[in-house]
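Just so you know, ligand 1 is whichever comes first in the structure, and atom 1 is the first atom listed for that ligand.
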Amino acid sequence: MVARADSLRKRTAPLRFACILPLDLRSSWWIGPVEVPTRVVLAPMAGVSVQAFRRQGRRFGAGLVCSEMVSCAGLHHGNERTLGYLRIASDEHPLAVQIFGSEPALMAEAARMVEDAGADIVDINFGCPVRKVTKTGAGATLLDDPDRACRIVSAVAKAVDVPVSVKMRRGLEDGSRACLHVGPRLVDAGAAVLTLHPRSAKQMYTGVADHTLTAELVAAVDAPVVACGDITSRARAQAVLASTGAEAVMVGRGAQGNPWAIREIVEGDTAEPDRDEVVAELILFIRETVRELGERKASGFLKKFYGWYLGRGRFPRPFKQELVQLESTDAVVERLLLAAPGAVEVLARLEEESTLVDDVLLELPISIYGGG
Ligand SMILES: Cc1cc2nc3c(=O)[nH]c(=O)nc-3n(C[C@H](O)[C@H](O)[C@H](O)COP(=O)(O)O)c2cc1C
């Protein structure tokens with residue numbers, strides 16, 4: 001099956017690119033033996049990609065979702081909070097868990113834990129620009145140390161049976177083309193797919209993602225490439241897919257508090273959600289996050305989501321200010337329902353449809369599953 005899927009991809013991708021046939025965003029593609037049902041991947045985002053975010057992403061049409069980056073050192077030391085990131089629900093698949101670190105042996109050990117937890121793909125972070133990570137030799141720094149980067153990919157690929165993917169930036173400095181030199185070597189070392197966010201680490205999130213580099217990477221490697229950066233609409237997704245030959249797009253900030261963007265990109269459904277729908281999705285998100293993180297952690301974590309959900313002209317600005325002042329998530333839910341009473345019915349339907357079945361595959365401390 002793997003060979004068939006791979007050869008099919010190799011035959012169809014260049015053909016599509018050569019003829020500029022528009023790619024059907026609802027079509028499936030393969031990462032090794034893993035079938036990804038649509039061409040939209042939900043980006044890994046630290047402080048955002050909790051289970052509720054990933055499950056919601058799958059519900060709205062993302063073909064693949066990712067955990068936020070997980071420290072291999074944290075997994076090695078059995079840090080309870082880090083282990084909590086390996087909690088995977090059965091309706092998240094296919095799902096990638098992303099790990100970061102700089103030691104090949106520790107990364108291999110972490111990858112085995114990720115595989116045991118039920119991840120379909122182990123993703124390696126060579127893109128994080130944050131100093132706390134780069135100063136340890138991990139994240140985007142590895143684009144400047146290709147030998148070590150290759151040793152990491154090779155050690156991880158040997159350690160697990162599931163496919164290994166790598167997510168990277170263009171390089172460390174503005175204008176860098178490091179990804180084009182490192183990318184093919186990472187594929188040779190065992191990466192089954194590469195995701196490129198073509199900004200430099202120095203740029204952080206400023207400027208624009210330069211997808212001409214994505215096109216160059218597609219041409220340089222014999223593996224699928226996922227285009228990441230500034231994809232916020234179906235029109236943009238189609239333009240980037242057509243101009244780069246990438247296999248799929250990854251969506252990050254555009255999906256924050258806005259799962260409807262995923263539906264628009266995948267299906268072309270431009271219908272804006274009404275207030276009841278927005279509130280119902282937000283309440284479901286709040287409840288799931290409280291279950292996952294516990295009330296104390298969740299109430300702080302969730303504050304940024306209120307602005308994301310209720311902004312975009314959906315509710316007046318002072319309403320968000322009011323919510324962030326409230327003491328408990330129960331009080332937030334109560335206030336939301338007062339503003340949109342019709343959300344009760346929508347919520348009941350959503351909750352019925354998304355009953356959670358946990359895949360408990362690791363012997364983790366009970367508190368992680370209890371949600372605090
Ligand atoms: C809040 C936040 C957290 C992020 N955390 C991660 C992460 O843990 N791992 C990673 O590879 N990229 C991370 N990223 C980068 C995104 O995955 C993505 O590459 C970037 O946001 C560009 O895509 P976008 O323009 O669609 O947002 C993060 C981005 C944001 C905004």
Side-chain angles (χ1 to χ4, degrees), residues 39-51 53-54 57 62 64-72 74 81-82 85-86 95-101 107 110 114 119 121-134 136 138-143 149 152 164-171 179 186 191 193-211 213-214 217 225-237 239-241 244 246 248-259 261-262 264-266 301-305 307-308:
R39 302 289 171 150
V40 174
V41 180
L42 190 61
M45 286 185 283
V48 176
S49 301
V50 287
Q51 201 180 79
F53 184 76
R54 306 188 307 248
L64 176 67
V65 295
C66 301
S67 76
E68 67 176 81
M69 57 183 199
V70 181
S71 156
C72 74
R81 183 166 164 217
T82 315
Y85 292 129
L86 302 190
L95 162 125
V97 170
Q98 187 185 70
I99 53 175
F100 73 95
M107 287 288 274
V114 163
I121 292 162
V122 176
D123 187 58
I124 301 177
N125 181 315
F126 289 163
C128 183
V130 176
R131 172 116 185 91
K132 199 171 122 190
V133 170
T134 55
T136 66
T141 318
L142 284 154
L143 296 172
I152 290 173
V164 173
S165 57
V166 172
K167 181 163 178 287
M168 59 183 172
R169 289 215 173 208
R170 66 181 297 161
C179 62
L186 299 179
V193 57
L194 301 177
T195 299
L196 179 64
H197 175 202
R199 280 186 172 89
S200 69
K202 196 171 174 185
Q203 266 182 295
M204 301 290 280
Y205 296 94
T206 62
V208 289
D210 177 3
H211 284 295
L213 221 61
T214 312
L217 184 67
V225 171
V226 178
C228 173
D230 305 340
I231 312 274
T232 53
S233 68
R234 181 176 175 84
R236 184 74 191 131
V240 168
L241 288 170
T244 61
V249 291
M250 179 178 273
V251 179
R253 290 165 295 170
Q256 290 172 340
N258 197 22
I262 302 171
E264 192 267 329
I265 294 171
V266 176
F301 172 90
L302 284 164
K303 286 190 196 298
K304 57 185 177 284
F305 284 87
W308 289 340

When you measure from the side chain of [X] to the backbone of [Y], do you find a donor-acceptor pair of N or O atoms at a distance under 3.5 Å?
X	Y	answer
R169	M204	yes
H197	M250	no
R199	G207	yes

Once you restrict both partners to nitrogen or oxygen, which atoms of ligand 1 have a protein partner under 3.5 Å, and how far apart are they?
residue  : atom   : partner : partner atom : Å
ligand 1 : 5 (N)  : A46     : N            : 2.8
ligand 1 : 8 (O)  : A46     : N            : 3.4
ligand 1 : 8 (O)  : M69     : N            : 3.2
ligand 1 : 9 (N)  : Q98     : OE1          : 2.7
ligand 1 : 9 (N)  : N125    : ND2          : 3.4
ligand 1 : 11 (O) : Q98     : OE1          : 3.3
ligand 1 : 11 (O) : Q98     : NE2          : 2.8
ligand 1 : 11 (O) : N125    : ND2          : 3.4
ligand 1 : 11 (O) : K167    : NZ           : 3.0
ligand 1 : 12 (N) : P44     : O            : 3.4
ligand 1 : 12 (N) : K167    : NZ           : 3.0
ligand 1 : 14 (N) : P44     : O            : 3.4
ligand 1 : 14 (N) : Y205    : OH           : 3.4
ligand 1 : 17 (O) : P44     : O            : 2.8
ligand 1 : 17 (O) : K167    : NZ           : 3.0
ligand 1 : 19 (O) : K167    : NZ           : 2.8
ligand 1 : 25 (O) : D230    : N            : 2.7
ligand 1 : 25 (O) : R253    : NH2          : 2.7
ligand 1 : 26 (O) : G252    : N            : 2.9
ligand 1 : 27 (O) : R253    : N            : 2.9
ligand 1 : 27 (O) : R253    : NE           : 2.7

**Q.** Student check: side-chain heavy atoms of I121 and L64 closer than 4.5 Å
**A.** yes
Q) Does F301 have K304 sitting over its ring (NZ/CZ under 6.0 Å from centre, angle to axis within 45°)? A) yes
Q: Please report the shortest heavy-atom distance between R170 and L196, naming the atom on each side.
A: N-CD1, 4.0 Å
